[in-house]
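Scroll down for the structure; my scribbles are underneath it.
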Amino acid sequence: MARKKLFGIALLSLTMTACVASTPPVNVTRFHNAQNAQIATGTIAIVSTSDTSEGRVLEQGTYEAAVRRELQRVGFSDPGTDAANGEYVARVSVEQSRLTAGGGRSPVSVGVGGSTGSYGSGVGLGIGINLSGKPKDKIATELSVRITRRADGQTIWEGRSSVEAKDGSPASQPGLAASKLAEALFRDFPGESGTTIRVP
């Protein structure tokens with residue numbers, strides 16, 4: 001019985017490791033003037049700029065929660081009930097699109113499937129049988145955050161992170177994608193301005 005339990009734990013551990021290992025890298029680009037004037041942290045309110053129609057409220061909330069965690073990690077604080085008077089405002093937006101196997105791109109709702117485009121045609125190119133099935137679409141997700149100072153409306157930092165993951169894979173799900181994108185976006189905050197990096 002103990003051996004079966006240990007085997008089950010080991011199998012779960014391997015599965016979780018495989019999920020982490022299969023998570024694709026994230027592209028990150030950031031812009032700021034921190035080299036001239038250091039960014040002073042303070043209270044920050046999060047505002048959504050994404051379209052939250054079509055049942056996207058919960059998914060958007062997942063991304064905002066991930067951004068809030070990272071902002072607090074780098075030194076900002078939650079204004080709590082005094083959100084309207086936070087020293088800074090972080091505008092968060094999330095965009096997703098479906099990349100079809102045939103090369104097309106179409107927008108999809110955050111966390112929701114969508115209609116797929118056409119696959120590439122291989123008619124007349126041979127009589128071989130492909131047993132691997134049709135290639136899966138990819139879901140491209142981009143998280144954008146802009147931090148402005150409430151007093152004068154000046155943008156002090158902005159950045160975006162994006163990832164492409166196979167449809168249905170762990171990395172395409174809102175929970176994992178939100179954490180991965182937010183963590184990559186705020187890694188080594190404020191980061192190098194104007195440079196795109198890949199975060200594994």
What distance do [X] atom [atom1] and [Y] atom [atom2] have between them, rounded to the nearest 0.5 Å?
| X | Y | atom1 | atom2 | answer |
| --- | --- | --- | --- | --- |
| Arg160 | Leu181 | CZ | CG | 13.0 Å |
| Glu183 | Leu143 | CD | CG | 12.0 Å |
| Glu192 | Arg30 | CD | CZ | 9.0 Å |
| Thr43 | Arg150 | OG1 | CZ | 8.0 Å |
| Glu158 | Leu185 | CD | CG | 11.0 Å |

| message | If we check side-chain contact (heavy atoms from CB on, under 4.5 Å) with Thr148, which of these qualifies: Ile44, Val89, Val47? | response | Val89

Kindly indicate whether the side chain of [X], heavy atoms from C-beta on, has any atom under 4.5 Å from the side chain of [Y].
| X | Y | result |
| --- | --- | --- |
| Arg187 | Val199 | yes |
| Val163 | Asn27 | no |
| Lys180 | Val26 | yes |
| Thr155 | Ile147 | no |
| Arg98 | Ile139 | yes |

| field | Flag, side chain of Ser172 to backbone of Ser169, donor-acceptor distance under 3.5 Å | value | yes

| said: Closer than 3.5 angstrom, by distance alone: can the side chain of Trp157 be matched with the main-chain N or O of Arg146 as a donor-acceptor pair? | reply: no

| How are the rings of Phe189 and Phe76 set relative to one another: parallel (under 30°), tilted (30 to 60°) or perpendicular (over 60°)? | perpendicular

| note | Heavy-atom closest pair (Ala171 atom, Ala165 atom, distance to 0.1 Å) is CB-CB, 3.7 Å

| query | When you look at Ser48 and Glu64, which way does the side chain to side chain contact (heavy atoms under 4.5 Å, CB included) test go after all the steps? | reply | CA-CA 8 Å; Ser48 172; Glu64 290 177 10; 2.9 Å; yes

| field | CA sep, side-chain torsions, deciding dist, call: Glu164, Leu99, side chain to side chain contact (heavy atoms under 4.5 Å, CB included) | value | CA-CA 9 Å; Glu164 294 181 6; Leu99 308 176; 3.4 Å; yes

Hey, can you pull the donor-acceptor pairs under 3.5 Å for the side chains in residues 65-72, sequence neighbours left out?
unit_1	atom_1	unit_2	atom_2	d
Arg69	NH2	Ser179	OG	3.3
Glu70	OE1	Arg73	NE	2.7
Glu70	OE1	Arg73	NH2	2.9

| request: Please identify each residue that fulfils side chain to side chain donor-acceptor pair (under 3.5 Å) with Thr62, with sequence neighbours left out. | output: none

| request: Mind running side chain to side chain contact (heavy atoms under 4.5 Å, CB included) on Ile156 and Tyr88 for me, showing each step along the way? | output: CA-CA 9 Å; Ile156 64 165; Tyr88 298 97; 3.5 Å; yes

| request: Could you go through the side chain to side chain contact (heavy atoms under 4.5 Å, CB included) check for Val92 and Gln60 one step at a time? | output: CA-CA 9 Å; Val92 179; Gln60 177 70 21; 4.1 Å; yes

Throw together a table of side-chain donor-acceptor distances under 3.5 angstrom for residues 31-39, partners on residues two or more places apart or in other chains.
unit_1	atom_1	unit_2	atom_2	d
His32	ND1	Ala34	N	3.0
His32	NE2	Gly191	O	2.5

